[in-house]
Amino acid sequence: MQPAAPEPPIPTPRAGLVPSAFGAPGTAGTRKNGFMNQPSAQAAAQHTQSPQPSVGSIAAHRPHTVAAALSDLEPDIDADLDTYEGYEKDVDGAELPQGRFLDRERSWLAFNERVLELAEDPHTPLLERANFLAIFASNLDEFFMVRVAGLKRRIATGVATRSASGLQPREVLDLIWTRTRELMARHAACFQEDVAPSLADEGIGIIRWAELTEKEQARLFTLFRQRIFPVLTPLAVDPAHPFPYISGLSLNLAVVVRNPVSGHRHFARVKVPPLLSRFLEASPGRYVPVEDVIAAPAHLEELFPGMEVEAHHMFRVTRNEDLEVEEDDAENLLKALEKELMRRRFGPPVRLEVEESIDRHILDLLIRELKISEAEVYPLPGPLDLTGLFGIAGLDRPELKYPKFVAGTHRDLAEVESASAPDIFAALRERDVLLHHPYDSFSTSVQAFLEQAAADPDVLAIKQTLYRTSGDSPIVDALIDAAESGKQVLVLVEIKARFDEQANIKWARKLEEAGCHVVYGLVGLKTHCKLSLVVRQEGETLRRYSHVGTGNYHPKTARLYEDLGLLTADPQVGADLSDLFNRLSGYSRRETYRRLLVAPRSLRDGLISRIEKEVQHHRAGRPAHVRIKVNSMVDEAVIDALYRASMAGVPVDIWVRGICAVRPGVTGLSENIQVRSVLGRFLEHSRVFAFGNGGEPEVWIGSADMMHRNLDRRIEALVRVTDPAHRAALNRLLETGMSDTTASWRLGPDGDWTRHALDPEGQPLRNVQEMLIDARRRRRGSATP
């Protein structure tokens, strides 16, 4: 009997077969679809010598409003620059071509450019265009506060190394300065030349002080005297008054006044109070920036009586607002974090935005006093800070917005919707329920699940993770009610959730006061998994009901974020969640689970092993494919596994919202990989991992993105979906989002994204979100809710 022939090795690109599409790091590029190929360090350095832009320009959870929550259209931003550690070999040590990873920062900026393209698109409803302009601005604020600030800190301390894309840290910083200058100029031009005139045509005028009528100016003068002047504090700068601290993201007036007696000129700063509305209504449908009202000549005379006001200029500073908490040395994480939150207010500046008309002497003063470089100065046309457009986008003009959509109760929870709440436990004893928010109502599913558990006398215990939640959270209220009724309630609150730290500290204390057991997770790890576990007495037995999701327990953002969740009474999932919660609250070294993959121990390896199995299925002639939907795809080990699968002939489809370091379509490496991105009215937030598995499809959903921080420094969980109908539905979702017949952006091997939004006849393609909305409306038998 002849021995079986060994399987051929996965082909490896020949030495020197680094495709020209990669480009050498640092080569100058040309414009393609509004995106510049990677510039050289020399070109970037030359550009920084002339900071003037060529055109005269949803945090993720800042401010904490529903509108601003859409600014989480930014992909996950993390100050830890671990991708600057070199990565030249795959996990098996086999050589793969250098330059196979796209630069992370450039990819983030390309994402925000896609947000900007939605604002520039005339097919987008007008107030939604204003909203996308605000989202772009908010995204960029956080990018500077975290990513740029972190990179500068690493460079200053000498710990930053070459990125996985091959760029040196200084080259990355030059790239950021050059690219952000271009994008901010485009952003301003979109507002000034397109969106603002279009709003005016619809009776929504955003105007400057000089354009107001005398009657409007008189009305605003009264408003100024009564409500604005009392809270203003002009701060002089002279030998007796040092240059004041300028808080991050605040709007400020730099005012030059002259003493008519001595003839001396003086500088003063006036901060625009952040609690004032960004745009004030001068008359119905006519809005003026609040800083214009403060800077009106008669109003400045009120602030500086007896002085001659010679000039005033707006400016805005962005500071490093990332947190650094040494958990190993912190006896009390809560107190350490509160102290660090106070320090955040005084982080070093990383960007200075000024009106392009600013006097050079005033600009030099700001640069000197803020200790900021010329390259970090961004001259722009006013008004600055277009995050204020969130307020304009919120106006009650439904004809200028996306058609209203109201989510209904999932059909497996209530066949016929009624005023009474569905019995979640009875439904779960019949079948698992796969939820898809915001198309399926969060309030009548996940929220109802926890509220029912809190009120049910047979429920003995509730265990819950909270990463982000809303200020008036019914989830928190339900947990408090459960604890006060005598149930055992364990809540894992992640108090290090960026920009929600203060809010989460507040909810943690509120929960503790109500009698909940509150824990803060494991030292050195953020708890990002989305889990709920309910233990219920049913006769002589205990039954566990579980929820594993991809999104936060946040009822407001659940109406805006696209997420998936699995409600189940499956004993294996219940046992897995019990084990995982025991690990989070106590001492446990469990690393393997029945239906979960859990980071940081098993998730990356579990996914890579499944990708490698697809190679074996493909070689054996069995069905094989890899489909992944995530927010970010930058983990080198996972990407290299996908490259090896592509080289073996396995089709790989990636649906990514934001950052993606994969170079698709490269001959000999990734010609079987396609990357798509979908942006729209909802924030694509779910994570799905689907494998052909030789004809027995395997699908996982959960909280993890393919990033170092998610896979190495967070508790993340994926759950395997076992219901064949649910697996089929998820695969249909992935196929639709990745289809050539639906609207999306496509990533090329050079890192450029090309928008695919029109059919051959020039008509707009529908995106997957519109199709899902229509499907839900048809299911409820009504064309409009």
- [ ] Check H618, R619, K613 against V615 for a side chain to side chain contact (heavy atoms under 4.5 Å, CB included) and give me the one that passes.
- [x] R619

TODO: Quickly, which of L642, L607, I639 forms a side chain to side chain contact (heavy atoms under 4.5 Å, CB included) with M706? Name it, please.
DONE: L607

Please check: side-chain N/O of [X] versus main-chain N/O of [Y], any donor-acceptor pairing under 3.5 Å?
| X | Y | answer |
| --- | --- | --- |
| S677 | V656 | yes |
| R604 | A637 | no |
| R657 | E684 | yes |
| R766 | T741 | no |
| D456 | D458 | yes |
| D705 | M707 | no |
| R687 | H685 | yes |
| S441 | T444 | yes |

Do you know which two heavy atoms are closest between [X] and [Y], and how far apart they sit?
| X | Y | value |
| --- | --- | --- |
| M738 | R676 | O-NE, 3.8 Å |
| F581 | T465 | CE2-CG2, 3.8 Å |
| I475 | Q447 | CD1-CA, 4.0 Å |
| C529 | L531 | SG-CD1, 3.6 Å |
| L118 | T124 | O-OG1, 3.0 Å |
| K487 | A453 | CE-O, 3.1 Å |

TODO: Run the numbers on D653 and I628 for side chain to side chain contact (heavy atoms under 4.5 Å, CB included), then give the verdict.
DONE: CA-CA 6 Å; D653 289 293; I628 296 176; over 6 Å; no

- [ ] Would you please indicate if the ring centroids of Y553 and H547 are separated by under 6.0 Å?
- [x] yes

Task: R622/E614 salt bridge by N-O under 4.0 Å criterion - done: no

Task: Note: K530-D563 ion pair, threshold 4.0 Å (strictly below) - done: no

Task: Derivation of the ring-ring contact (aromatic ring centres under 6.0 Å, His included) call for F425 and Y545 - done: CA-CA 8 Å; F425 298 143; Y545 297 87; 4.6 Å; yes

Task: Derivation and outcome, side chain to side chain contact (heavy atoms under 4.5 Å, CB included), residues D440 and R776 - done: CA-CA 8 Å; D440 297 319; R776 290 307 195 277; 3.3 Å; yes

